[in-house]
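Encoded as C-alpha cells, the structure appears first; notes follow it.
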There are 2 protein chains.
Amino acid sequence: MTPSSASTAHTSNTDFYASNDKLYVATDCIIFGFDDGDLKLLIFKRRVEPDSGIWSLIGSFVKIDEDVDEAARRVLKEITGLEEIYMEQSKTYGKVERDPGYRCISVANYALMRISDHDIELTQSHGAFWYTLQELPELALDHSEMVNDALAKLRRRARYQPIGFELLPEKFTIPQLQRLYESIYQRDLDPRNFRKKVLSLKVLVKLDEKDKLGSKRGAYLYRFDSEKYQELLESGYNFEI
Amino acid sequence: MTPSSASTAHTSNTDFYASNDKLYVATDCIIFGFDDGDLKLLIFKRRVEPDSGIWSLIGSFVKIDEDVDEAARRVLKEITGLEEIYMEQSKTYGKVERDPGYRCISVANYALMRISDHDIELTQSHGAFWYTLQELPELALDHSEMVNDALAKLRRRARYQPIGFELLPEKFTIPQLQRLYESIYQRDLDPRNFRKKVLSLKVLVKLDEKDKLGSKRGAYLYRFDSEKYQELLESGYNFEI
DNA sequence: ATAAAAAACGTATTTTAAACGCTTAAAATC
DNA sequence: GATTTTAAGCGTTTAAAATACGTTTTTTAT
C-alpha cells in the first residue's frame, strides 16, 4: 500500500490526518522476479483514493519505532511470505506534490526474488500480479518513475556485481542465466561468448543433472559456489556482459 | 545543522504527538571540493548536543512545503553562497537509533564543487573547514558512514560518467585532471596512459594558454566541450581509468 | 533415416588496457 | 652560460579482453 492508501498507517486517528502540516515517511517496494525466461515486476491494484483501481507498487508508512529498511522487509513479508529476500535501497522520493493525499516522502527499495519461491495465494489475496517489463501498465503517483530508476540501478549493479543468485532457482542452466541477463538488459547476447564469460568467473559448479525442459538436447544444471560468489561480490569485480 | 540541532524543525505541535513520538525528515550534505591537487570535504564543528564540539556534516530538517532536494540546495546555498552546485542523492539513513535526540531519518546528498568558487567568509562564519580525506576526523552520529558511502558512490560514478566538470576550474591541465582522479581513487595512475585515455574521449578542447604554476615547463590548459561532455554523459559510456 | 533446434566447445580477429621508452621545454644549480 | 632537474607530452610494444563466428553433439520431430 502506498502512503495514500493509508490503511497501514501507524495510526488511524483522523483528527491527526486532518492536520495538514505533517510530514510522513513511507517505503515502496519494487519487487523483481524471474520466471519463464522473463524479468517480472509485482504490482497491485489500488483499492483506495487517489488513483483507486490503478496499478501501483506496494508500500507502507514507516512506523515510529521501526528502521526504514525494517519497514520494507515487513511489507515484503506481508506480501510474499518470505523473510530472506535480497533488498537494496533504490532512491528517496521527496517532492512536495508527489502524493496528492499527504505530504509524504517515500524511500524506495528494490527486491530480487525467485517467483517460484513465494506464497502465490498470499500474493493473490493482496490483489497482486506479476507483469513483464514490456507489458507493464502505467502506475499510480510517481511509481513508474520509481520502477525506471530501480531498473537503471539494477542494470548498473549487474555490471559490477554478479547477479542471479537471488533471481534464479538453486539449480539452473547457463542458457537460463543468459536469459536473465537478456531480460535485464533487454538485448540479445551471444550464447558462446556468454558461456565463456560466466565460466571464466569460476563461481559456477557444474552438476551431473540435466534440465530437459528447456530444450530437446537438455542443458547441464549448475549451482553457484556461494563462497566464491561472495568473494567475487566483495572484490568489486567488473562483470561486463 | 544536523537534525539533532533541531533549530529548524518544521513544526512544534506537541498536542498530538508527545515530542519524541514524532518522525523527522532531515537532509545532510556531503560536500566534496577539489583544490591543491586534493579532494576535500567540508565539515563543521557542532555547537549543539548531542556530540557538541564534534565535527559533523551540514544538514537541516526538511520543511513541510519543500522538496527534499530543495532542502539540500537551501543548505548548500546557506553555507557556500552558491546556487548551481552539482548535487546527487546518495542514500537515506533510517535507523531508529541513528540520532539519539530525535527519531529522524536523513536523506544524504553529495555535492561536487570548485573550492575556489565559494564564499570563504560565509563558510568560515559557519564554523566550516575543508579537510582532505586522509586527515578527516571521526564525525558525529552516522556521518562517517555517510561519507564512506558517498565516496564509494562517487568512485563508482566516476567509472561510468566523466567527472571533473563540477570539480575543476573552467580551465585546467591534464595533469590536474589526473590528480583529481588520483585523489578520488587514492592511487597513482600512469600519466602517459591517462593522457591517452582522456584525449580519446574527445571531450577536451586544447587552449592556446599554458599553466605555468604547476611545473617548470608548464602544461597546456584545456576546457571541456560541454556539448560532447553532455553526450558522453548520456551515452552511459564506461570511463574505466 | 533425416532434418531441425539448441547446447557445448573452439578459434580467429579486433579492441582495449598496461607497461615502458624517449624527447622537449623551462626553471634551478653550478 | 652550460648543465642538471623536473614534469609535460608523444610514441611503441606487449598482454589481455571483447567480439565475431565456425563446428560438433545430442535429442526430438517429421
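Labels below follow one simple rule: chain letters A, B, ... track the order of the sequence lines, proteins then strands, and each chain is numbered from 1. All values reported here derive from a predicted model rather than from experimental measurement. Side chains are part of it too, since the values below use all heavy atoms of this structure and drop only hydrogens, waters and symmetry mates.
Listed by residue number, A/R192, A/R195, A/K196, A/K206 are the residues of residues 192-208 of chain A with a heavy-atom contact under 4.0 Å to DNA chain C.
The stretch residues 165-184 of chain A participates, sequence neighbours left out, in these side-chain hydrogen bond (donor to acceptor under 3.5 Å, both in side chains) pairs: A/K171-A/E209, A/Q178-A/E182.
Of all heavy-atom pairs between A/S90 and A/K153, the closest is O-NZ, 2.9 Å.
Note: B/W55 and B/F129 have perpendicular aromatic rings, judged against thresholds of 30 and 60 degrees for the angle between ring planes. Between A/Y110 and A/F32, the angle of the ring planes goes over 60°, which puts this pair in the perpendicular group of the 30/60° scheme. Between B/F224 and B/F165, the ring-plane angle classifies as perpendicular under the 30° and 60° cut-offs.
Summarising the geometry, the separation between CD on B/Q178 and C1' on D/dC10 is reported as 15 Å, rounded to the nearest angstrom. Put simply, CG on B/D190 is 13 Å from C1' on D/dC10, counting in whole angstrom units. A/D188 has its CG atom 14 Å from the P atom of D/dT19, to the nearest Å. For the pair B/D211 CG and C/dA27 C1', the computed distance is 15 Å after rounding to whole Å.
Tested against B/Y222, the residues B/L199, B/L168, B/V198 include a single side-chain contact (heavy atoms from CB on, under 4.5 Å) partner, B/L199.
A/P191 comes within 4.0 angstrom of nothing in the nucleic acid, heavy atoms only.
Remark: the backbone N or O of A/E145 is not paired with any side-chain donor or acceptor of A/D142 at under 3.5 angstrom. The backbone N or O of A/I85 sits less than 3.5 Å from a side-chain atom of A/R73, completing a donor-acceptor pair.
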Please list, for nucleotides 27-30 of chain D, all pairs of protein and nucleotide N/O atoms separated by less than 3.5 Å.
residue : atom : partner : partner atom : Å
D/dT27  : O3'  : A/K216  : O            : 3.4

